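Just follow the structure's listing: the first ligand is 1, and inside any ligand the first atom is 1. Values in this document were obtained by computation on a predicted structure and should not be read as measured data.
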Amino acid sequence: MEYRKNDIVTLEIVDCGTDGEGIGKADGFTVFVKDAVIGDTVKAKIIKAKKNYGYGRLMEIIKPSPYRVEPVCPSARQCGGCQLQAVSYEEQKVFKEKKLRGHLERIGGFHDLPMEPLIGMDEPYHYRNKAQFPVGRNKEGRIITGFYAGRTHQIISCRNCAIADPASQLIIDTVLDFMKQYGIRAYDETTGKGIVRHILIRSGKSTGQIMVCLVINGTRLPHKEELIEVLREANPQIVSICININDKNTNVILGRETKAIYGQDYIEDCIGSLRYRISAQSFYQVNPIQTKKLYDKALEYADLHEDETVWDLYCGIGTISLFLSQKADKVYGVEIVEQAVKNARENAALNEISNVEFFAGAAEEVVPAKYRESGGTLRSDVVVLDPPRKGCDEKLLQTVIQMEPKRIVYVSCDPATLARDLKYFGENGYVLKRICPCDMFGHSYHVETVCLLSKRSIMSM
Ligand code: SAH
């Protein structure tokens, strides 16, 4: 049977899509329903209909799923940040494993996956060490901050995010009060006018250090001395107050330049026995407790020997590089963000580690260039890849294969591009030996994975 827009259908939700949406069937017609949970029976209104499938809006839960829980956050349904808060944490883990498995089978063409159980979180709330709150105005013209509603730029006012650091609430209130008191306007995307675009808060969970960075449309923030005073009073853990200049009409949150207006332009945090320096622009995993577990797994998979060389590609501030350097002869890191490379070098010095070297640039350019310069002799015992969501460029994958590493450890935040890249390695002499998903982002549909690939000839020896 075919359905049309505005039809109301009753559905049993039998599956969960990659974005966490519920999937139900009505007379052979598949309907994707955001906010419906696997196991629910729901009434949905068709909002978009194709021949065999459509999208529905959840209208009523006729029979709730046994996996359904009351979301902790009242804005959970509107906010684009958490897609799975209405699903029990146990079931979220099942969903993530299944999502990973599905992508590896469908896109990667793998069977009999050597998959370990997902490493879950002990406390899936307030785990994040970084939050970026957009600043805007509501219909009445009042300055607000909160989160973007799913897939839009409409700001949902929210001050007590269930996954953010609880210290953020007082900090954002303090910034908003400061803006009101001195008449400092929120940036308006449609007119390009106004000053404050985002409030970025970073905290070092193990050191307690906090950075507050205001992303501003312009080069100076009026009354900055007053801001510094109220922020320091609000939270003495703040060791860094920065402004980041972003005067472009863009969705990208941060501009290129960051200046400290109080304290240093970085904070420090520890993972295991290592201490890391992190600036506003640098990538740093948002969930430090799970990061330790993820890096331990990467280290286990790398199975390093003291005489071995490692290339850590997409190394950020050198977190994995330094972690591995304790067990290897030499580690080379490559990272595109210069500020992060600067941090990586500082971090090596901070931890008195001398067997690491970092290069700034795109991995797909730096590594092939180094390989050419070496006349094709560049080799590495282990290669670590930890790319952003879009995965690795094929030029890089080709060079990695030419470097003939015995083992490749691939850390991924996107199962689809992971599956694509693993397939490439599979077709070029590597065997997928181990896979372990790790939950870094409770309540979201994201799943982080670490994989081990071994060179085929080594296996048959
Ligand atoms: N391994 C690090 C960072 C992983 S996130 C950690 O665990 O903390 C991915 C990193 O890749 C980011 O730091 C990003 O700036 C960097 N990056 C993005 N595109 C890149 C490219 N083409 N070449 C090198 N690095 C890149």
Side-chain angles (χ1 to χ4, degrees), residues 119 128-130 202 204-206 252-256 258 266-272 274-299 301-302 310-325 328 331-348 351 356-371 382-400 408-414 417-418 421 436 438 440-441 446-451:
I119 304 174
R128 287 185 65 101
N129 58 14
K130 174 182 163 187
R202 257 195 149 138
K205 292 258 179 183
S206 66
V252 178
I253 296 178
L254 291 176
R256 282 187 68 86
T258 306
Y266 59 84
I267 55 163
E268 290 183 352
D269 194 24
C270 299
I271 300 175
L274 294 172
R275 197 169 175 92
Y276 296 107
R277 191 166 282 191
I278 312 146
S279 37
Q281 252 124 330
S282 303
F283 176 88
Y284 183 62
Q285 289 284 3
V286 298
N287 183 336
I289 293 175
Q290 293 303 96
T291 299
K292 170 75 170 57
K293 299 181 194 168
L294 181 77
Y295 289 176
D296 279 339
K297 197 45 103 182
L299 188 65
Y301 283 5
V310 185
W311 279 75
D312 175 20
L313 309 177
Y314 309 89
C315 70
I317 59 169
T319 31
I320 296 180
S321 321
L322 298 184
F323 218 71
L324 299 183
S325 72
V331 181
Y332 298 94
V334 182
E335 161 62 42
I336 202 165
V337 174
E338 284 186 18
Q339 189 61 41
V341 175
K342 180 171 170 277
N343 284 164
R345 292 183 183 133
E346 288 165 352
N347 288 333
N351 293 285
V356 290
E357 198 175 327
F358 295 100
F359 302 104
E364 62 275 20
E365 284 166 18
V366 173
V367 184
K370 294 275 173 212
Y371 184 77
V382 175
V383 169
V384 176
L385 298 162
D386 186 4
R389 277 183 211 155
K390 67 173 189 231
C392 300
D393 192 289
E394 200 173 316
K395 256 197 316 200
L396 175 67
L397 298 182
Q398 275 169 5
T399 310
V400 169
I408 299 170
V409 178
Y410 195 131
V411 181
S412 155
C413 56
D414 185 307
T417 57
L418 171 70
D421 293 348
C436 185
C438 180
M440 307 288 277
F441 314 102
H446 295 291
V447 50
E448 189 88 10
T449 311
V450 49
C451 297

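In this structure, Leu254 places its CG atom where more than 12 heavy-atom neighbours from other residues, nucleotides or ligands lie under 6.0 Å away. Heavy atoms of other residues, nucleotides or ligands lying less than 6.0 angstrom from CD of Glu357 number more than 12.
With respect to the salt-bridge test (charged N to carboxylate O, under 4.0 angstrom), the residues Glu346 and Lys342 qualify.
Ser282 is not listed as a side-chain neighbour of Tyr266, based on a closest heavy-atom distance of 4.5 Å or more. Using a 4.5 Å heavy-atom cutoff, the side chains of Tyr295 and Ile320 are in contact. For the pair Val286 and Met440, the minimum side-chain heavy-atom distance is 4.5 Å or more. Under the 4.5 Å side-chain criterion, counting only non-hydrogen atoms from C-beta, Ser279 is not in contact with Thr258. Looking at Glu394 and Gln398, their side chains come closer than 4.5 Å, going by heavy atoms from C-beta outward.
When the heavy-atom distances from atom 13 (O) of ligand 1 to Glu335, Gln339, Glu365, Lys390 are ranked, the shortest goes to Glu335.
Using a 4.0 Å cut-off between heavy atoms, Tyr284 makes no contact with ligand 1 at all. If you look at Asp386 next to ligand 1, the close heavy atoms, those under 4.0 Å, come from the backbone and the side chain alike.
Protein heavy atom nearest atom 25 (N) of ligand 1, with residue, atom name and distance: Ile336 N, 3.2 Å. Closest to atom 21 (C) of ligand 1, if we only count protein heavy atoms, is Tyr314 CE2, 3.6 Å. Among all protein heavy atoms, the one lying closest to atom 18 (C) of ligand 1 is Pro388 CG, 3.5 Å.
Of all atoms in ligand 1, listed by their number and element, those nearer than 4.0 Å to a heavy atom of Gly361 are 23 (N), 24 (C). Shown in contact with Thr319 at under 4.0 Å from a heavy atom are these atoms of ligand 1, numbered in order with element: 2 (C), 6 (C), 7 (O), 8 (O). Residue contact check: Glu364 has heavy atoms under 4.0 Å from atoms 21 (C), 22 (N), 23 (N) of ligand 1. Annotation for ligand 1: atoms under 4.0 Å from non-hydrogen atoms of Tyr295 are 6 (C), 7 (O), 8 (O).
Of the N or O atoms in Val337, none lie within a sub-3.5 Å distance of an N or O in ligand 1. Here's the thing with Ala363: one of its N/O atoms is less than 3.5 angstrom from an N/O atom of ligand 1.
For Cys413, the closest heavy-atom approach to ligand 1 does not fall below 4.0 Å. Residue contacts with ligand 1 leave out Ala340, since none of its heavy atoms falls under 4.0 Å from the ligand.
Between the side chains of Tyr284 and Asn129, not a single donor N or O lies within less than 3.5 Å of an accepting N or O.
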